[in-house]
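Input: a single structure, listed below in structure tokens.
The chains referred to below are lettered A, B, ... by the order of the sequence lines, with proteins before strands, and numbering in each begins at 1.
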There are 2 protein chains.
Amino acid sequence: MELSERKKQILKAVVEHYIASAEPVGSKTLAQELGVSSATIRNEFAELCDLGFLEQPHTSAGRVPSPQGYRLYVNELMERRNLTPQEAEGIDETLRGKLSGMGGVLSNAGQLVSSIVNYPAYSVKSGNVGLTVERFELIPVDATSFITVIMTGDKNVKSQLQHTALEFDAARLADLKNLLNTHFTGKSRAEMSAHLMNVSEQLTPELFLVLSRTVEYAAGILESAGRRDVETTGASRILTMPEYRDVDKAHELMTFLVDNKENLPVPEDGAPLQILIGPENVDEALRDTSVVIASYDIGDGMRGLVGVVGPTRMDYATVTARLSYFAESLTKMFGKGLPPPKEEK
Amino acid sequence: MELSERKKQILKAVVEHYIASAEPVGSKTLAQELGVSSATIRNEFAELCDLGFLEQPHTSAGRVPSPQGYRLYVNELMERRNLTPQEAEGIDETLRGKLSGMGGVLSNAGQLVSSIVNYPAYSVKSGNVGLTVERFELIPVDATSFITVIMTGDKNVKSQLQHTALEFDAARLADLKNLLNTHFTGKSRAEMSAHLMNVSEQLTPELFLVLSRTVEYAAGILESAGRRDVETTGASRILTMPEYRDVDKAHELMTFLVDNKENLPVPEDGAPLQILIGPENVDEALRDTSVVIASYDIGDGMRGLVGVVGPTRMDYATVTARLSYFAESLTKMFGKGLPPPKEEK
DNA sequence: CTTAGCACTCCTTTCCTATGAGTGCTAAAC
DNA sequence: GTTTAGCACTCATAGGAAAGGAGTGCTAAG
């Protein structure tokens with residue numbers, strides 16, 4: 001069933017007042033605003049309560065939006081405002097500063113978002129599970145050490161100095177490199193270690209040791225690339241919010257954000273922006289919080305993910321606007337950025 | 001002037017009770033413990049107050065150690081206990097787990113320490129300012145891209161895929177590599193950019209662009225290696241401590257730990273363990289906190305640094321014991337670790 | 001020098017009482 | 001039939017008084 005226009009207006013007003021003040025909204029406040037008497041508002045309040053859009057903290061208090069109320073607000077009532085030029089400029093500024101300053105925007109995405117929206121935030125590096133090594137290179141350094149360079153299928157390059165017990169002349173190194181490139185490229189971690197066993201008998205123990213070191217290094221790279229990494233930042237921002245004046249509540253959420261970050265919601269579908277309100281979160285610890293998640297394009301068809309966590313009384317309009325803008329900016333940056341930052345993390 | 005033995009005992013007892021309970025210690029408590037009457041204790045209390053080792057929150061409350069009291073406790077009174085086997089095992093366990101699991105123990109040092117001592121902690125990666133590039137390597141990938149490998153003076157290796165507008169055959173690449181190795185090794189960032197200007201005229205603009213990209217990449221590496229990095233972890237742990245039941249106080253410290261981490265104390269001298277108590281901290285924000293800092297040997301004569309932050313009522317005995325053990329373990333690990341972990345961060 | 005005794009301080013807790021914002025309901029007005 | 005004025009009622013919050021109690025400082029005796 002559809003709410004009357006006035007009910008919607010009232011709900012919208014309640015949500016917005018409550019977001020701004022964190023205090024239950026009374027009928028008088030809205031009476032002035034909507035040009036009807038407080039009694040009328042009260043009647044509407046009562047109905048909105050029955051319908052489950054509003055709640056009363058206690059009998060003689062004002063009204064507070066229920067999760068369902070927020071949901072309707074977010075879906076239909078909220079004005080999807082654009083950023084003010086100042087806001088946009090601020091975000092651009094933040095992005096520019098960090099982009100040139102540090103290697104990875106990606107690893108800082110959470111931090112950036114948190115400072116942009118002023119709520120705790122998290123960023124997810126989705127694991128690239130099918131990744132394999134595309135190429136091995138070995139560069140001689142001195143008699144007993146060489147540089148291992150590994151390029152993975154996603155064109156990332158990692159390298160490491162490797163000391164050995166063996167002496168390597170150019171020819172032996174070339175042999176080793178050949179061995180690596182013929183037998184250990186295009187293989188998963190499991191396949192690599194299986195293969196390592198296969199060749200173990202054809203090699204001297206010393207050479208085998210060197211080889212397995214290199215392969216382990218490669219496996220480590222694949223493993224870390226395959227791992228889904230979640231980083232949270234700005235958790236302490238909740239301490240400024242009235243809902244977390246209670247230290248225990250704050251502590252609970254903060255430890256969750258830090259220790260259980262893997263359980264933060266990561267929607268699988270590709271919606272550019274997703275909002276989870278209160279009990280819509282599966283995780284018990286997020287039942288009175290809302291999460292806004294945006295995804296952005298990293299290039300190579302890969303997607304990055306950033307989320308914002310806050311009380312259900314979150315400023316959805318601002319957060320969604322800013323987060324969308326941020327995600328779009330990032331997508332643009334990766335789209336046009338000539339060589340996408342292959343900088344090592 | 002030297003305190004009487006009994007005064008020391010009393011001070012010690014007060015400190016230890018207060019550390020355990022966070023509540024002012026009364027004369028009765030200690031009377032039982034020391035086998036004298038509460039009146040005697042009170043007399044001693046009064047004198048210890050006059051001498052500045054104890055304080056009274058208010059006239060009719062028990063006594064609390066003053067910073068000076070903690071200082072004496074730490075310097076003379078505290079029993080530098082050894083770890084219980086369980087504690088040692090726990091730390092070893094933590095170290096082992098993280099060591100094999102992740103690349104850098106270093107970057108996780110703060111986190112490890114925080115979990116070991118149960119206070120917020122930080123780790124400092126001291127900047128290597130005089131670092132230069134030791135060697136450039138370029139590995140052809142396809143016509144218009146190659147891998148840049150850079151080994152720095154400290155034997156760390158970083159690499160990146162570089163796309164160019166130019167076509168590079170093996171000979172040109174070798175030329176470029178030569179140019180890099182003859183003119184841009186052993187140079188500081190400033191010298192590198194100066195040199196870049198010098199050679200700019202002898203090259204085609206396209207080639208110059210490629211060269212400068214590579215040099216910029218190198219400069220970036222040196223810059224990040226030269227930067228002193230501080231990371232804090234476990235800040236939320238303060239929320240369990242009675243002194244931070246007050247959200248505003250907690251918030252103040254937490255934002256300091258996160259946003260001003262560069263201002264966390266980094267002693268220059270090489271003491272293996274240093275303790276800063278309350279007002280001994282220069283920074284205003286740390287005036288009611290204590291900081292315990294340990295340094296450990298990374299090899300190559302470099303030192304790592306980890307610090308623990310907590311209320312002045314910190315459990316110094318446990319923290320120092322565990323932190324020392326941790327630092328020693330790390331030193332040992334780096335000492336014997338055959339090739340010290342040159343893993344890229 | 002130690003200790004029992006005692007008056008005193010002052011924090012903490014508890015209980016009580018306004019206060020007041022806000023409600024639900026009824027009955028009149030539009 | 002919706003809107004509104006009026007009114008009794010609810011209940012969280014703030015303020016203040018009183019009680020309780022832990023701990024003190026001081027004095028005088030052991």
Closer to the 5' end of DNA chain C via nearest nucleotide, is it B:E44 or A:K28? B:E44
Please check if the side chain of B:E87 supplies one atom and the backbone of B:T84 the other of a donor-acceptor pair under 3.5 Å. yes
Taking only the side-chain nitrogens and oxygens of [X], find out if one of them lies under 4.0 Å from OP1 or OP2 of [N].
X     : N      : answer
B:R63 : D:dT24 : yes
B:T59 : D:dT24 : no
B:S27 : D:dT24 : yes
A:T40 : D:dT3  : no

From [atom1] of [X] over to [atom2] of [N], roughly how many Å is that when rounded to an integer?
X     : N      : atom1 : atom2 : answer
A:H58 : D:dT10 : NE2   : P     : 13 Å
B:I41 : C:dA4  : CD1   : C1'   : 15 Å
A:Q32 : C:dG22 : CD    : P     : 11 Å
B:L48 : D:dG25 : CG    : P     : 12 Å
A:E47 : C:dT23 : CD    : P     : 15 Å
A:N43 : C:dG24 : CG    : P     : 9 Å
B:R42 : C:dT3  : CZ    : P     : 11 Å
A:Q56 : C:dA21 : CD    : P     : 17 Å

Decide side-chain contact (heavy atoms from CB on, under 4.5 Å) for B:V258 and B:F256; before the verdict, give the C-alpha distance in whole Å, the side-chain angles of both, and the deciding distance to 0.1 Å. CA-CA 5 Å; B:V258 173; B:F256 179 84; over 6 Å; no
Tell me, yes or no, whether the heavy-atom count around B:Q274 atom CD, taken from other residues, nucleotides or ligands under 6.0 Å, exceeds 12. yes
Return yes when atom CD of B:E231 has more than 12 non-hydrogen atoms of other residues, nucleotides or ligands closer than 6.0 Å, and no otherwise. no
Does the ring-ring contact (aromatic ring centres under 6.0 Å, His included) test come out yes or no for A:Y73 and A:F53, once each step is laid out? CA-CA 10 Å; A:Y73 172 76; A:F53 293 104; over 10 Å; no
Using atom names, set out every protein N or O paired with an N or O of nucleotides 15-22 of chain D below 3.5 Å, distance rounded to 0.1 Å.
none

Validation row: B:D92, B:Y325 side chains within 4.5 angstrom (heavy atoms): yes
Could you tell me whether the side chain of A:T318 reaches within less than 4.5 Å of the side chain of A:R81, counting heavy atoms only? yes
